[in-house]
Amino acid sequence: MAQINSHYLKLKSGYLFPEIGRRVSEFAQKNPAARLIRLGIGDVTRPLPDAVVKAGKAAFDELSRAETFRGYGPEKGYEFLRRAIAENDFKPRGVVVDPEEIFISDASKCDTANMQELFDQNCRVAIPDPVYPVYVDTNVMAGRTGSADGQGRYEGLHYLSSGPESGFLPQIPRERFDIVYLCFPNNPTGVVATKDELKRWVDYARANEAVIFFDAAYEAYITDEHIPHSIFEIEGASECAVEFRSFSKTAGFTGTRCAFTVVPRALMCRNSRGEKVALHALWHRRQSTKFNGVSYPVQRAAEACYSDEGKKEIRELIAYYMENAKFIHQTLSKMGFAVYGAINAPYIWLKTPHDTDSWGFFNELLHKAHVVGTPGAGFGACGEGYLRLSSFGSRADIAEAMERIRQIYDI
Ligand SMILES: *Cc1c(COP(=O)(O)O)cnc(C)c1O
């Protein structure tokens, strides 16, 4: 029998969302009359913008005719889309990104997962806690860690612990790390970093020759005009950061699949002899070997996000979810819960009442209010004692969920 990659066996078995799914379906089976309201998994619910659908359909029509048929596209993505991104996502914020520095992909999940494989096994990695679990798990798969301890923390990774005392902002470490993951607006806490805070990370990275993996999947939800949308708004970041963006949460593409990663040409790392190597060339090499591009209709659909009609529809989409977020935040705060996020992000991060643990509160909400949240402990040890609610549901469902919670927990 073939021996498998033993690093995979270090992964904690019950990954968060399957475990939630298991508990929810068990409950639903025993309580067929209960109407569940799901505010758990971070998936959008509103339909795609019309402009996006029209563009995608028109592109399929092009593919149906011999004269306009297209086969494989460029591995990096079509220039029309890379240009639209540079012009609309970066230029208005004073950031110069060359379309050649943009790589279109089918997902930010894959890009945030794959970027680490360009780096040496012995690189020292720092990851916020709590955060999107993909960063940790992919470093485990790559063999950069030992096994997990009782709290689920892996030996060999450095956790940037954060809690209420820092407003859930990870603090700059004193030691040197080679790779630092950051996610702002943060999933799961919904907190954002100011320009000064991001500048301190960029200064740290430059002083320590570290690379920042900056996940900006939720940048479109930023409502505060002073909060940076891109790490490249900070001077010097193009020498030390890559940025991941996705159309998933921005434009409802979770089922359509399109994202992109910016790898600046100025970003240099070192080979084993200490000579400079451009990460841009290596990421290009990786993508053209392991990835064959996003479908043409999906890239046309993504391009339509930047048309006037597309922009307007996306603004409305995000405003809808952010109204929900505001409503949840206000209702829970009024009830006496300690609540974070929800202002520049579609997530509400709340302290469990009476020091219940994350899974205990998850169970209570499920059984008493028939509301599904996400236990904070699934996002890292520092998430214990917290629960994440998402604002991606319908207005009516969210109003009902809040009313049910109010009846149980007016604390
Ligand atoms: C949803 C999400 C992504 C990625 O989404 P894709 O659908 O894979 O593009 C990336 N990062 C975070 C933090 C997310 O929550």
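Both counts, for ligands and for their atoms, begin at 1 and track the order of listing. Atom set for the values below is all heavy atoms of this structure, side chains included, hydrogens, waters and symmetry mates excluded.
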Parallel, tilted or perpendicular, judged at 30° and 60°: which one describes the rings of Phe213 and Phe119?
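Rings of Phe213 and Phe119: tilted, as their planes differ by 30° to 60°.
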
Give the ring-plane orientation class for Tyr296 versus Phe80, where under 30° counts as parallel, over 60° as perpendicular and anything between as tilted.
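Geometry flag for Phe80 against Tyr296: perpendicular rings.
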
Any luck finding a side-chain donor-acceptor pair between [X] and [Y] under 3.5 Å?
X      : Y      : result
Glu364 : Thr356 : no
Tyr340 : Asn186 : no
Lys10  : His7   : yes

Identify all N/O pairs between ligand 1 and the protein with a separation under 3.5 Å and present them as a table of atom names and distances.
unit_1: ligand 1; atom_1: 7 (O); unit_2: Ser248; atom_2: OG; d: 2.5
unit_1: ligand 1; atom_1: 7 (O); unit_2: Arg257; atom_2: NH1; d: 2.8
unit_1: ligand 1; atom_1: 7 (O); unit_2: Arg257; atom_2: NH2; d: 3.3
unit_1: ligand 1; atom_1: 8 (O); unit_2: Ser108; atom_2: N; d: 3.4
unit_1: ligand 1; atom_1: 8 (O); unit_2: Lys109; atom_2: N; d: 2.9
unit_1: ligand 1; atom_1: 8 (O); unit_2: Arg257; atom_2: NH2; d: 3.1
unit_1: ligand 1; atom_1: 9 (O); unit_2: Ser108; atom_2: N; d: 2.8
unit_1: ligand 1; atom_1: 9 (O); unit_2: Ser246; atom_2: OG; d: 2.7
unit_1: ligand 1; atom_1: 9 (O); unit_2: Ser248; atom_2: OG; d: 3.4
unit_1: ligand 1; atom_1: 11 (N); unit_2: Asp215; atom_2: OD1; d: 3.4
unit_1: ligand 1; atom_1: 11 (N); unit_2: Asp215; atom_2: OD2; d: 2.7
unit_1: ligand 1; atom_1: 15 (O); unit_2: Asn187; atom_2: ND2; d: 2.8
unit_1: ligand 1; atom_1: 15 (O); unit_2: Tyr218; atom_2: OH; d: 2.5
unit_1: ligand 1; atom_1: 15 (O); unit_2: Lys249; atom_2: NZ; d: 3.3

Kindly say whether Tyr386 contributes a backbone atom to a donor-acceptor pair with the side chain of Ser358 at under 3.5 angstrom?
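Yes, Ser358 side chain to Tyr386 backbone: donor-acceptor pair under 3.5 Å.
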
